[in-house]
Amino acid sequence: MDKKLPVISLLSLAISAILAGCGGGDSSSQPTTPTTPEAKSLSVKAIDGYLKGAEVWLDTNGNNVLDSGEPYALSMKGGVANLDVTNVANPGAYRVLVKAIAGKTVDETTGPVTKSFAMSAPAGVTVVTPLSTLVDQTIQQNPTLTQALAVAKVAEDLKLPADKLLGDFLQEADASLKKTLQVYAINVAAEVLPSDLADADIKQVLDDSQAVGKALDDYLQTNPLDDETSPDDIRVTKPNEQGVIVVIKDSDGDDVADAADA
């Protein structure tokens, strides 16, 4: 006598056959495509004048040194450097550092850089200038300070507007203020900033910047910038025997105030 399979058994066999024809329900048999992080870029500007050929990097371990694996690029025209931050979860949490290298970096305003100097900016700031460096180093000296308090302190030391210290001062619409900011930036880069921040004496950097700022402020109070004066004409000298920093107008770049410069 023939035995018939229960209806439920026939249904189970049919479903099994369908699944088998489709590869079954075993997800492990499905090929997987590896995923790659979406490419991300961080655009940075390196400025004394716009610096071309400067080293720019994201200091992800906070040691002021360019280490293997840290996002890095050389700055291009307009001081722009595009850092590949694809593998950095939060680029805004880290500081950007810049090295202008004598004989390699070119200042688009004044020409080849003749003295190497290093710059930095507070975490999240992508415009790196001598002025942003002073704000950042103020925070490095006293990490309890907020960025706003550090900006206020540097602004007070240099007698400059606080809202102009972390931006691209070369794009400043007020021509007189733009020239003033350039004068300060040029002199801080030339006389204050070290060639390397890794072993810099932060206190000395900030003390020197304050002295340079006072000398410039005193000079400009009685010698206002005019249309004919180039920012690069106004130069501070090293402290003399009495420890006084002198400001001179030196339009021919020989560090001597000629009669024509007076």
Side-chain angles (χ1 to χ4, degrees), residues 43-59 63-68 70-83 95-121 125-137 140 158 168-170 179 181-209 211-213 215-216 230-239 245-257:
S43 182
V44 175
K45 273 188 179 181
I47 307 173
D48 183 17
Y50 292 127
L51 298 174
K52 184 177 180 181
E55 295 183 338
V56 182
W57 73 96
L58 196 66
D59 190 25
N63 68 352
N64 294 314
V65 174
L66 174 57
D67 294 306
S68 176
E70 290 183 323
Y72 161 84
L74 287 175
S75 59
M76 303 174 293
K77 183 179 179 181
V80 175
N82 294 310
L83 304 182
R95 299 154 58 232
V96 177
L97 269 66
V98 170
K99 267 192 180 182
I101 304 169
K104 294 184 179 180
T105 303
V106 175
D107 184 318
E108 292 182 358
T109 301
T110 60
V113 169
T114 58
K115 171 185 173 290
S116 298
F117 60 90
M119 304 189 296
S120 61
V125 177
T126 56
V127 178
V128 188
T129 73
L131 304 179
S132 76
T133 305
L134 299 181
V135 175
D136 179 55
Q137 294 306 304
Q140 298 307 304
L158 300 186
D168 181 351
F169 52 77
L170 296 180
K179 191 173 288 190
L181 292 167
Q182 286 179 280
V183 167
Y184 277 76
I186 288 168
N187 283 284
V188 168
E191 301 298 337
V192 175
L193 297 185
S195 60
D196 196 322
L197 288 172
D199 53 5
D201 183 336
I202 296 178
K203 183 180 184 304
Q204 191 65 56
V205 168
L206 297 176
D207 287 349
D208 289 349
S209 70
V212 165
L216 287 171
S230 166
D232 198 44
D233 291 346
I234 308 302
R235 291 289 188 172
V236 299
T237 65
K238 298 290 185 184
I245 295 174
V246 179
V247 181
I248 61 173
K249 185 177 179 183
D250 176 32
S251 60
D252 56 10
D254 60 2
D255 290 334
V256 176

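Note: hydrogens, waters and symmetry copies are ignored here, and every other heavy atom, side chains too, is used. We count residues from 1, following the sequence as given.
Checking Ile234, Val212, Leu158 one by one against Tyr184, the side chain to side chain contact (heavy atoms under 4.5 Å, CB included) holds for a single residue, Leu158.
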- For Leu170 and Gln182, what are the C-alpha separation, side-chain angles and deciding distance, and is it a side-chain contact (heavy atoms from CB on, under 4.5 Å)? CA-CA 8 Å; Leu170 296 180; Gln182 286 179 280; 3.4 Å; yes
- What do the steps show when you test Asn187 against Arg235 for side-chain contact (heavy atoms from CB on, under 4.5 Å), and what is the final call? CA-CA 6 Å; Asn187 283 284; Arg235 291 289 188 172; 4.1 Å; yes
- Message: As a quick check of understanding, evaluate side-chain contact (heavy atoms from CB on, under 4.5 Å) for Lys52 and Thr105, giving each step before the final call.
- Response: CA-CA 6 Å; Lys52 184 177 180 181; Thr105 303; over 6 Å; no
- Item | Check against side-chain contact (heavy atoms from CB on, under 4.5 Å), Leu131 and Phe169 | CA-CA 10 Å; Leu131 304 179; Phe169 52 77; 4.2 Å; yes
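Partners of Glu70 under the side chain to side chain donor-acceptor pair (under 3.5 Å) rule, at least two apart in sequence or in another chain, are Thr60. For Ala189, the side chain to side chain contact (heavy atoms under 4.5 Å, CB included) partners are Asp48, Phe117, Pro130, Leu193, not counting sequence neighbours. Every residue two or more places apart in sequence or in another chain that forms a salt bridge (charged side-chain N to carboxylate O under 4.0 Å, His left out) with Lys99 is listed here: Asp196. Partners of Ala73 by side chain to side chain contact (heavy atoms under 4.5 Å, CB included), not counting sequence neighbours, listed by chain and number: Ala81, Leu83. In terms of the side chain to side chain donor-acceptor pair (under 3.5 Å) criterion, residue partners of Asp207 (sequence neighbours excluded) are, by chain and number, Lys203. In this structure Ser230 satisfies the side chain to side chain contact (heavy atoms under 4.5 Å, CB included) test together with Asp232, Asp233, sequence neighbours excluded. Asn64 pairs by the side chain to side chain donor-acceptor pair (under 3.5 Å) definition with Arg95, not counting sequence neighbours. Checked against side chain to side chain contact (heavy atoms under 4.5 Å, CB included), Ser68 has no partners two or more places apart in sequence or in another chain. With sequence neighbours excluded, no residue forms a side chain to side chain donor-acceptor pair (under 3.5 Å) with Ser75. Considering only residues two or more places apart in sequence or on other chains, Asp168 meets the salt bridge (charged side-chain N to carboxylate O under 4.0 Å, His left out) condition with Lys45. When the salt bridge (charged side-chain N to carboxylate O under 4.0 Å, His left out) test is applied to Glu191, the partners found at least two apart in sequence or on another chain are Lys238.
For Ser195 (side chain) and Ser116 (main-chain N/O), no donor-acceptor pair under 3.5 Å exists by modelled atom type. Judged purely by atom type and a 3.5 angstrom limit, Asp59 uses its side chain to pair as donor or acceptor with the backbone of Asn63. Side-chain atoms of Ser132 come within 3.5 Å of backbone N or O of Ser120 as a donor-acceptor pair.
Separating the CG atom in Leu197 from the CD1 atom in Ile202 is a distance of 8.0 Å, to the nearest 0.5 Å. The CD atom of Gln140 sits 4.5 Å away from atom CG of Asp136, with the distance rounded to the nearest 0.5 Å. Distance check: Trp57 CH2 to Leu66 CG gives 5.5 Å after rounding to the nearest 0.5 Å. Here the straight-line distance linking atom CG of Leu181 with atom CD1 of Ile186 works out to 11.0 Å at 0.5 Å rounding.
Looking only at side-chain heavy atoms (C-beta outward), Thr126 and Ser43 stay at 4.5 Å or farther from each other. The shortest distance between side-chain heavy atoms of Ile101 and Val113 does not fall below 4.5 Å. A heavy-atom distance below 4.5 Å is not found between the side chains of Val56 and Leu97.
Atom NZ of Lys104 is surrounded by 12 or fewer heavy atoms from other residues, nucleotides or ligands within 6.0 Å.
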